[in-house]
Asker: 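The structure that follows is given in the form of structure tokens.
We count residues from 1, following the sequence as given. In each ligand, atom 1 is the first atom listed, and ligand 1 is the first ligand listed.
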Amino acid sequence: MKHFTCLLLLFLVLITSFSSTYSTIVSHDDRAITIDGQRRILISGSIHYPRSTADMWPDLISKAKDGGLDAIETYVFWNAHEPARRQYDFSGNLDLVRFIKTIQDKGLYSVLRIGPYVCAEWNYGGFPVWLHNMPNMKFRTVNSGFMNEMQNFTTKIVEMMKKEKLFASQGGPIILAQIENEYGNVISSYGAEGKAYIDWCANMANSLDIGVPWLMCQQPNAPQPMIETCNGFYCDQYKPTNPTSPKIWTENWTGWFKNWGGKHPYRTAEDLAYSVARFFQTGGTFQNYYMYHGGTNFGRVAGGPYITTSYDYHAPLDEYGNLNQPKWGHLKQLHTILKSMEKRLTYGNISTVDLGNSATATVYSTNEGSSCFIGNVNATANALVNFQGKDYHIPAWSVSVLPDCKKEAYNTAKVNTQTSIMTEESSKPKTLEWTWRPEVARKTILKGSGDLIAKGLVDQKDVTNDASDYLWYMTRVHLDKKDPIWSRNMSLRIHSNAHVLHAYANGKYVGHKIVNDTKFDYRFEKKVNLVHGTNHISLLSVSVGLHNYGAFFENSPTGINGPVKLVGYRGDETIEKDLSEHQWNYKIGLNGFDHKLFSTNSVGRHLKWSAEKLPSNRMLTWYKANFKAPFGKDPVIVDFNGLGKGEAWINGQSIGRYWPSFNSSDDGCSDECDYRGEYGSDKCAFMCGKPTQRWYHVPRGFLNESGHNTITLFEELGGNPSMVNFKTVVTRTVCARAYEQNKLELSCNSRPITAVKFASFGNPSGHCGSFAVGTCEGANDAVKVVAKECVGKFNCTMNVSSHKFGSTLDCGDSPTRLFVEIEC
Ligand code: GAL
């Protein structure tokens with residue numbers, strides 16, 4: 001009996017230790033990342049958890065999985081998690097553990113790019129401003145204070161993940177981690193210390209013993225055993241410098257970000273698919289889309305200066321989480337095909353055949369067979385090539401994928417996926433009933449009393465610790481009649497790095513400067529009328545996101561760094577009175593923020609809001625209104641057309657900065673967008689001469705579905721809130737063009753298909769909304785065929801074939817295609 005009990009105990013111990021240490025072994029060789037010893041083709045996509053809300057995560061991750069992704073990548077955002085030294089926040093959409101567990105629940109892997117420098121168009125690249133304000137601090141180099149804080153935060157994140165058993169080595173989803181970010185781009189600026197620093201990063205990361213490989217992106221000759229990787233719009237030409245690193249692409253930029261005053265970026269599905277197929281054709285085995293879902297820069301997290309609140313990125317999932325079609329679907333098809341070739345791509349012998357006309361075939365062969373790519377890198381000329389005895393037509397700037405080397409299963413330039421047209425709709429446009437309050441500055445600020453006093457002008461970051469976008473700089477100047485400046489025309493001259501500057505003299509507005517060309521170092525000069533005796537000069541410096549990129553970006557000046565002068569003019573003669581070394585009073589933020597006027601439990605609840613004489617185009621004004629949440633589940637947006645610049649809150653939660661009055665320039669857009677040739681962030685841009693961002697995402701999670709909701713605005717420049725309107729983003733029209741012998745899938749984004757507006761199988765032409773029948777058509781009535789398959793359903797799939805649509809006569813040489821337009 002005793003013997004039996006011992007055996008049973010041993011058995012139980014074995015079982016429990018087996019289940020708790022069940023782990024996935026992640027490693028790599030020179031060809032690929034290996035999981036449990038098998039080389040893998042891995043497709044990953046970036047979703048930054050704080051750029052959506054926790055209740056959006058499951059849907060975003062499911063859509064990524066449906067799109068054929070194996071992994072979700074995210075950065076970790078240090079300044080969001082440690083807003084004050086050793087005070088941490090992992091609540092709400094900062095709940096990193098919950099995010100990684102959501103990925104795990106959906107059965108995907110995850111890639112954790114800890115940084116903790118992240119760039120990412122995130123405020124200050126993810127660094128906390130308190131770190132900058134520590135004594136003797138130098139970022140991203142051999143500096144004990146910096147290294148100590150970086151190690152502290154990195155260790156904290158690693159320990160959190162370990163505690164929840166989230167590393168693959170512990171049975172969790174995290175297969176790879178990253179330390180630092182693109183340091184290779186700036187290392188030369190740091191001299192010998194740069195090398196010492198990156199070696200230290202590698203050693204520090206290694207010592208954390210996470211049991212999965214570490215990455216260093218854009219880091220040629222990365223210290224071993226770090227895996228170096230590539231970032232960019234294309235990485236087919238990339239070869240790791242280290243012979244043991246597999247070819248990994250950590251950032252395939254799916255589009256681009258926006259600056260206030262910029263246009264909407266647009267990267268075509270054809271070109272993005274081309275870059276992916278070229279990467280796998282040339283031996284790549286791991287690829288991550290940056291971004292797969294870009295999302296929203298809520299609150300003040302946008303970097304910059306001047307990164308917009310929307311971080312849509314033209315990614316496969318749009319800002320609100322809808323499928324961005326045809327991008328999402330065109331890539332999904334490519335992923336399925338690449339996955340079907342996984343063994344050959346990772347274990348096969350590779351041979352390339354030059355087919356002439358800029359076309360190259362790449363053959364991956366194992367004992368079980370071969371898979372092929374035929375790429376045409378010419379940006380204008382199509383190629384007709386003969387490969388293994390068969391002719392192939394490879395359009396310019398495209399790759400054909402032939403999983404069996406015989407039949408083209410996919411060509412990156414031939415899109416067989418629908419385009420969804422999103423419209424903004426409001427059920428009953430309602431005028432909101434606004435109340436308002438002025439931002440009260442007159443008595444205190446404009447008379448020069450603040451929180452802090454210093455001799456001279458201090459950088460905005462140093463004073464505010466970035467607690468606010470706003471900082472008042474206030475000083476006094478005494479002028480008596482004997483002052484030589486007195487008899488002259490006087491002006492106030494300010495050298496400044498404030499992203500926006502408002503100047504007051506003796507409580508009167510002098511003027512402002514808005515930077516509209518990203519040159520943040522300028523001279524502002526305006527005429528002033530001063531008095532005998534004491535004069536008050538009050539300057540409001542506004543920051544619009546801190547720098548996030550470049551060597552020593554942390555030292556880029558913010559605020560008013562001077563000199564600030566009074567300049568007196570008489571004829572050709574000028575005299576200057578320098579105020580820079582005066583005593584300056586500083587006030588961080590604005591009174592309305594101190595009273596939390598945006599909050600639902602406002603400390604300023606006793607303050608009165610007026611419903612009378614609603615002002616329009618009034619600077620520094622607070623507005624508030626109640627509204628009902630739009631009915632249904634469609635994403636909600638708010639139209640800020642008519643407003644100037646400021647910040648907006650829904651039920652106390654900031655939906656970010658707004659600036660609809662900032663238009664992009666009129667030129668640089670064209671109606672035609674040619675996918676061929678290298679993409680750059682300006683290529684195919686659209687929305688010229690229009691507000692860079694007019695609509696702002698209001699996540700459903702911020703709203704009370706039934707009952708009251710409150711919107712609060714702080715309007716800085718002056719605007720007219722009467723046009724503010726809540727809308728939903730709805731798919732009303734779907735168009736598709738598919739080549740014969742493909743499967744076409746149509747879907748209306750979770751609503752039923754109601755009608756078929758157009759369908760023709762043959763040689764139809766035109767753009768979505770104006771499709772036209774060509775000179776030939778299949779024998780069957782295409783509209784009826786599609787209607788029978790689709791109407792009343794949420795989605796439908798059909799073969800694009802003459803079997804289904806009837807044979808076509810007299811179509812000539814042009815390939816037979818199906819064009820469809822449906823209504824949702
Ligand atoms: C990369 C950087 C990313 C992001 C991207 C542009 O250089 O690593 O964090 O900033 O550029 O969107």
Asker: For residues His48 and Tyr290, establish whether the separation of their ring centroids is below 6.0 Å.
Answerer: yes
Asker: Trp122 near ligand 1, heavy-atom distance under 4.0 Å?
Answerer: no
Asker: Would Phe257 count as being in polar contact with ligand 1, using the rule that some N or O on each side must be under 3.5 angstrom apart?
Answerer: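 No, Phe257 has no N/O under 3.5 Å of an N/O on ligand 1.
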Asker: Tell me, please, which residues at least two apart from Asn123 pass side-chain contact (heavy atoms from CB on, under 4.5 Å).
Answerer: Asn79, Asp466, Leu546
Asker: Just jot down the ligand 1 atoms closer than 4.0 angstrom to any heavy atom of Asn181, in number order.
Answerer: 2 (C), 8 (O)
Asker: Can you sort out the partners of Glu319 under salt bridge (Lys or Arg N to Asp or Glu O under 4.0 Å), two or more places apart, ordered by chain and number?
Answerer: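 Glu319: no salt bridge (Lys or Arg N to Asp or Glu O under 4.0 Å) contacts found.
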Asker: Within 45 degrees of the axis of the six-membered ring of Tyr88 and under 6.0 Å from its centre: does Lys156 put its NZ or CZ there?
Answerer: yes
Asker: Parallel, tilted or perpendicular, judged at 30° and 60°: which one describes the rings of Trp130 and Trp78?
Answerer: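 Rings of Trp130 and Trp78: perpendicular, over 60°.
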Asker: Quick check: Phe298 with Tyr696 (ring centres under 6.0 Å apart)?
Answerer: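 Ring-ring flag for Tyr696/Phe298: false, centres at least 6.0 Å apart.
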Asker: Would you mind checking which non-hydrogen protein atom is closest to atom 1 (C) of ligand 1, with the distance to 0.1 Å?
Answerer: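 That would be Glu251 OE1, 3.1 Å.
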Asker: Number the atoms of ligand 1 from 1 as they appear, then name those within less than 4.0 Å of a heavy atom of Tyr313, with their elements.
Answerer: 6 (C), 12 (O)
Asker: Please report which non-hydrogen protein atom sits nearest to atom 10 (O) of ligand 1, along with the residue it belongs to and the distance in Å to one decimal place.
Answerer: Glu121 OE2, 2.6 Å
Asker: If you count the atoms of ligand 1 from 1 in the order shown, which ones are under 4.0 Å from a heavy atom of Val118?
Answerer: 9 (O)
Asker: Please state whether the sulfur gamma atoms of Cys217 and Cys230 sit closer than 2.5 Å to each other.
Answerer: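 Taking the criterion (SG atoms under 2.5 Å apart), Cys230 and Cys217 fail it, so no.
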Asker: Which residue owns the protein heavy atom closest to atom 7 (O) of ligand 1, what's the atom, and how far is it?
Answerer: Glu182 OE1, 2.4 Å
Asker: Taking non-hydrogen atoms only, is Trp253 closer than 4.0 angstrom to ligand 1 via side chain, backbone, both or neither?
Answerer: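 Within the 4.0 Å criterion, Trp253 contacts ligand 1 through side-chain atoms alone.
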Asker: Which ligand 1 atoms, with their elements, are less than 4.0 angstrom from a heavy-atom of Trp256?
Answerer: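 Listed by number with element: 6 (C).
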